[in-house]
Amino acid sequence: MVFAEHEVLIRCDAMTVYAFLVDGMNLPLWRRGIRSIGLMSGAAGTKGAVYRQTTTGRSGRTIPADFEITQARPGAEIQFRVISGPSQPTGGYYLSTEPAGTRVRFALEYQPKGLLGLMNTGIQRTIRAEVSQLARLKDVLEVRTAA
(Lines give C-alpha, C1' and ligand atoms only; values in the text may rest on other atoms or scores of the structure.)
Protein backbone atom coordinates (compact mmCIF):
# COMPACT_ATOMS: atom_id res chain seq x y z
CA MET A 1 0.00 0.00 0.00
CA VAL A 2 1.15 3.54 -0.81
CA PHE A 3 -0.05 6.41 1.37
CA ALA A 4 0.66 10.13 1.51
CA GLU A 5 -0.90 13.12 3.19
CA HIS A 6 -0.31 16.84 3.41
CA GLU A 7 -2.02 19.57 5.39
CA VAL A 8 -2.28 23.34 5.34
CA LEU A 9 -4.00 26.03 7.35
CA ILE A 10 -6.22 28.21 5.15
CA ARG A 11 -7.41 31.60 6.40
CA CYS A 12 -11.05 30.91 5.47
CA ASP A 13 -13.99 29.38 7.30
CA ALA A 14 -14.63 25.65 6.94
CA MET A 15 -17.81 26.00 4.85
CA THR A 16 -16.04 28.21 2.28
CA VAL A 17 -13.23 25.66 1.96
CA TYR A 18 -15.67 22.76 1.85
CA ALA A 19 -17.87 24.37 -0.83
CA PHE A 20 -14.84 24.99 -3.02
CA LEU A 21 -13.41 21.47 -2.57
CA VAL A 22 -16.66 19.55 -3.03
CA ASP A 23 -17.24 21.18 -6.42
CA GLY A 24 -15.11 19.00 -8.70
CA MET A 25 -15.18 21.71 -11.36
CA ASN A 26 -12.76 23.72 -9.18
CA LEU A 27 -10.00 21.10 -9.32
CA PRO A 28 -8.19 22.63 -12.34
CA LEU A 29 -7.90 25.91 -10.40
CA TRP A 30 -5.45 24.37 -7.94
CA ARG A 31 -4.34 20.94 -9.17
CA ARG A 32 -1.82 20.72 -11.99
CA GLY A 33 -2.20 18.16 -14.74
CA ILE A 34 -5.98 18.20 -15.07
CA ARG A 35 -6.82 18.57 -18.76
CA SER A 36 -10.60 18.35 -18.54
CA ILE A 37 -13.35 17.69 -16.03
CA GLY A 38 -17.13 17.50 -16.11
CA LEU A 39 -19.98 16.13 -14.03
CA MET A 40 -20.93 12.74 -15.48
CA SER A 41 -23.75 11.71 -13.13
CA GLY A 42 -25.39 12.56 -9.82
CA ALA A 43 -25.82 15.94 -8.18
CA ALA A 44 -22.70 18.10 -8.16
CA GLY A 45 -20.81 17.98 -4.89
CA THR A 46 -22.88 15.25 -3.26
CA LYS A 47 -22.25 11.66 -2.30
CA GLY A 48 -22.53 9.53 -5.44
CA ALA A 49 -21.59 12.33 -7.87
CA VAL A 50 -19.27 11.04 -10.61
CA TYR A 51 -16.91 13.36 -12.44
CA ARG A 52 -15.28 12.52 -15.78
CA GLN A 53 -11.71 13.74 -15.61
CA THR A 54 -8.63 13.48 -17.80
CA THR A 55 -5.13 14.17 -16.55
CA THR A 56 -1.67 14.45 -18.02
CA GLY A 57 0.41 11.30 -17.56
CA ARG A 58 4.18 11.02 -17.21
CA SER A 59 4.80 10.98 -20.94
CA GLY A 60 2.33 13.79 -21.61
CA ARG A 61 -0.44 11.40 -22.70
CA THR A 62 -4.02 11.95 -21.63
CA ILE A 63 -5.11 9.53 -18.91
CA PRO A 64 -8.69 8.96 -17.71
CA ALA A 65 -9.13 9.53 -13.98
CA ASP A 66 -12.88 9.62 -13.36
CA PHE A 67 -13.81 9.76 -9.70
CA GLU A 68 -16.82 9.35 -7.45
CA ILE A 69 -17.56 11.22 -4.23
CA THR A 70 -18.09 8.51 -1.62
CA GLN A 71 -18.60 10.69 1.46
CA ALA A 72 -19.62 14.33 1.81
CA ARG A 73 -20.03 15.82 5.27
CA PRO A 74 -20.50 19.60 4.94
CA GLY A 75 -17.70 21.57 6.57
CA ALA A 76 -15.86 18.45 7.69
CA GLU A 77 -15.00 15.77 5.13
CA ILE A 78 -15.04 14.76 1.47
CA GLN A 79 -13.95 11.28 0.41
CA PHE A 80 -13.59 9.97 -3.13
CA ARG A 81 -12.38 7.05 -5.18
CA VAL A 82 -10.91 7.08 -8.66
CA ILE A 83 -12.91 4.69 -10.86
CA SER A 84 -11.01 4.76 -14.18
CA GLY A 85 -7.43 4.85 -15.37
CA PRO A 86 -4.28 2.88 -14.69
CA SER A 87 -4.23 3.69 -10.97
CA GLN A 88 -7.32 4.00 -8.84
CA PRO A 89 -6.49 5.53 -5.48
CA THR A 90 -8.92 6.53 -2.78
CA GLY A 91 -8.59 9.73 -0.85
CA GLY A 92 -10.16 12.50 1.07
CA TYR A 93 -10.08 16.04 2.33
CA TYR A 94 -10.49 16.44 6.09
CA LEU A 95 -11.32 19.86 7.53
CA SER A 96 -11.05 21.14 11.08
CA THR A 97 -11.78 24.61 12.37
CA GLU A 98 -9.04 26.51 14.18
CA PRO A 99 -8.94 30.10 15.46
CA ALA A 100 -6.85 31.22 12.46
CA GLY A 101 -8.95 29.44 9.83
CA THR A 102 -9.47 25.89 8.57
CA ARG A 103 -6.89 23.13 8.69
CA VAL A 104 -7.20 20.94 5.60
CA ARG A 105 -5.60 17.52 5.29
CA PHE A 106 -5.46 15.83 1.88
CA ALA A 107 -4.75 12.10 2.03
CA LEU A 108 -4.34 9.56 -0.79
CA GLU A 109 -4.03 5.80 -0.58
CA TYR A 110 -3.27 3.38 -3.38
CA GLN A 111 -2.96 -0.39 -3.40
CA PRO A 112 -0.83 -1.34 -6.44
CA LYS A 113 -1.68 -4.64 -8.07
CA GLY A 114 0.55 -7.04 -9.99
CA LEU A 115 3.77 -5.63 -11.39
CA LEU A 116 2.87 -2.10 -10.28
CA GLY A 117 3.68 -3.21 -6.75
CA LEU A 118 7.33 -3.45 -7.78
CA MET A 119 7.38 0.26 -8.70
CA ASN A 120 6.47 1.36 -5.18
CA THR A 121 9.06 4.16 -5.02
CA GLY A 122 7.83 5.89 -8.19
CA ILE A 123 4.21 5.53 -7.13
CA GLN A 124 5.00 6.93 -3.68
CA ARG A 125 6.69 9.95 -5.29
CA THR A 126 3.65 10.57 -7.52
CA ILE A 127 1.19 10.29 -4.63
CA ARG A 128 3.29 12.69 -2.51
CA ALA A 129 3.40 15.20 -5.38
CA GLU A 130 -0.40 15.04 -5.69
CA VAL A 131 -1.13 15.77 -2.03
CA SER A 132 1.51 18.51 -1.84
CA GLN A 133 -0.56 20.53 -4.35
CA LEU A 134 -2.71 21.42 -1.36
CA ALA A 135 -0.41 24.44 -0.92
CA ARG A 136 -1.85 25.80 -4.20
CA LEU A 137 -5.39 25.42 -2.79
CA LYS A 138 -4.37 27.65 0.11
CA ASP A 139 -3.10 30.33 -2.29
CA VAL A 140 -6.21 30.18 -4.50
CA LEU A 141 -8.71 30.37 -1.64
CA GLU A 142 -6.93 33.06 0.36
CA VAL A 143 -6.62 35.31 -2.72
CA ARG A 144 -10.27 34.67 -3.63
CA THR A 145 -11.63 35.53 -0.20
CA ALA A 146 -9.38 38.61 0.13
CA ALA A 147 -10.76 40.06 -3.12
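Sequential numbering from 1 along the given sequence is applied to the chain's residues.
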**Prompt:** Given Lys138, which of Val8, Val104, Val17 fulfils the side-chain contact (heavy atoms from CB on, under 4.5 Å) condition?
**Reply:** Val8
**Side chain Asn26, main chain Leu21, donor-acceptor under 3.5 Å** = no
**Fill in**
In short, Val140 meets Leu29 closest at the heavy-atom pair CG2-O, 3.4 Å
**Message:** Less than 3.5 Å apart, any donor N or O on the side chain of Arg35 or Thr62 sitting next to an acceptor on the other?
**Reply:** yes
**Prompt:** Got a donor-acceptor contact below 3.5 angstrom from the Thr97 side chain to the Thr102 backbone?
**Reply:** no
**Request:** Report yes if the side chains of Val50 and Phe80 come closer than 4.5 Å at any heavy-atom pair, otherwise no.
**Result:** no
**Request:** Would you give the length of the straight line joining atom CZ of Arg52 to atom OG of Ser41, rounded to the nearest 0.5 angstrom?
**Result:** 9.5 Å
**Asked** Can you find a pair of side-chain heavy atoms, one from His6 and one from Arg105, that are under 4.5 Å apart?
**Response** no
**Message:** Tell me every residue that passes ring pair (Phe, Tyr, Trp, His ring centres under 6.0 Å) with Tyr18, counting only those two or more places apart in sequence or in another chain.
**Reply:** none
**Request:** Look up atom CD in Glu130 and atom CZ in Arg32, then write down how far apart they are to the nearest 0.5 Å.
**Result:** 10.5 Å
**Message:** Are Ser87 and Val82 packed together at the side-chain level, in the sense that at least one heavy-atom pair is separated by less than 4.5 angstrom?
**Reply:** no
**Request:** Using side-chain hydrogen bond (donor to acceptor under 3.5 Å, both in side chains) as the criterion, list what pairs up with Thr54, not counting sequence neighbours.
**Result:** Ser36
**In one Ile/Leu/Val/Met/Phe/Trp/Tyr side-chain cluster, 4.5 Å: Phe20, Tyr94** = no
**Item:** Cluster link Ile34 to Val22, ILVMFWY, side chain under 4.5 Å
**Value:** yes
**Asked** Which value, rounded to the nearest 0.5 Å, describes the distance between Gln53 atom CD and Ile63 atom CD1?
**Response** 11.0 Å
**Fill in**
Smallest heavy-atom separation, Met25 atom then Leu39 atom, equals SD-N, 4.1 Å
**Where Ala65 and Thr55 come nearest, the two heavy atoms and their spacing** = CB-CG2, 4.0 Å
**Message:** Hydrophobic clustering (ILVMFWY, side-chain heavy atoms < 4.5 Å, transitive) - are Leu9 and Leu141 grouped together?
**Reply:** no
**Fill in**
Separation between CZ (Arg11) and CD (Glu142), nearest 0.5 Å, reads 4.0 Å
**Prompt:** Under a single-linkage definition using a 4.5 Å side-chain heavy-atom cutoff for Ile, Leu, Val, Met, Phe, Trp and Tyr, are Ile78 and Val131 assigned to the same hydrophobic cluster?
**Reply:** yes
**Item:** Mutual orientation of the aromatic rings belonging to Trp30 and Tyr93 [parallel < 30°, tilted 30-60°, perpendicular > 60°]
**Value:** perpendicular
**Fill in**
Correct closest heavy-atom pair for Gln124 and Ala4 would be NE2-CB, 4.0 Å
**Message:** With rounding to the nearest 0.5 angstrom, report the CZ to CG distance, Arg81 to Asp66.
**Reply:** 11.0 Å
**Message:** Nearest 0.5 Å, please: how far is CE in Met40 from OG in Ser84?
**Reply:** 7.5 Å
**Asked** Is the CZ atom of Arg31 crowded by more than 12 outside heavy atoms at less than 6.0 Å?
**Response** yes
**Prompt:** Of the non-hydrogen atoms in Leu95 and Ala14, which two are nearest, and what is the gap between them?
**Reply:** CD2-O, 3.5 Å
**Request:** Indicate yes or no: at least one non-hydrogen side-chain atom of Glu109 is less than 4.5 angstrom from one of Pro89.
**Result:** no
**Prompt:** Would the number of heavy atoms belonging to other residues, nucleotides or ligands and lying under 6.0 Å from CZ of Arg136 be above 12?
**Reply:** yes
**Asked** Taking NZ, NE, NH1 and NH2 as the nitrogens, is one of them in Lys47 or Glu68 under 4.0 Å from a carboxylate oxygen of the other?
**Response** no
**Asked** Side-chain donor-acceptor pair under 3.5 Å between Glu77 and Gln79, yes or no?
**Response** yes
**Item:** Residue pair Ile127 / Tyr110, side-chain heavy-atom distance below 4.5 Å
**Value:** yes
**Asked** Are Ile83 and Ile69 in one and the same hydrophobic cluster, where Ile, Leu, Val, Met, Phe, Trp and Tyr link if side-chain heavy atoms are under 4.5 Å apart?
**Response** no
**Under 3.5 Å donor-acceptor, Tyr51 side chain and Gly45 backbone** = yes
**Asked** How close do Pro64 and Pro86 get, heavy atom to heavy atom, and via which atoms?
**Response** O-CD, 4.3 Å
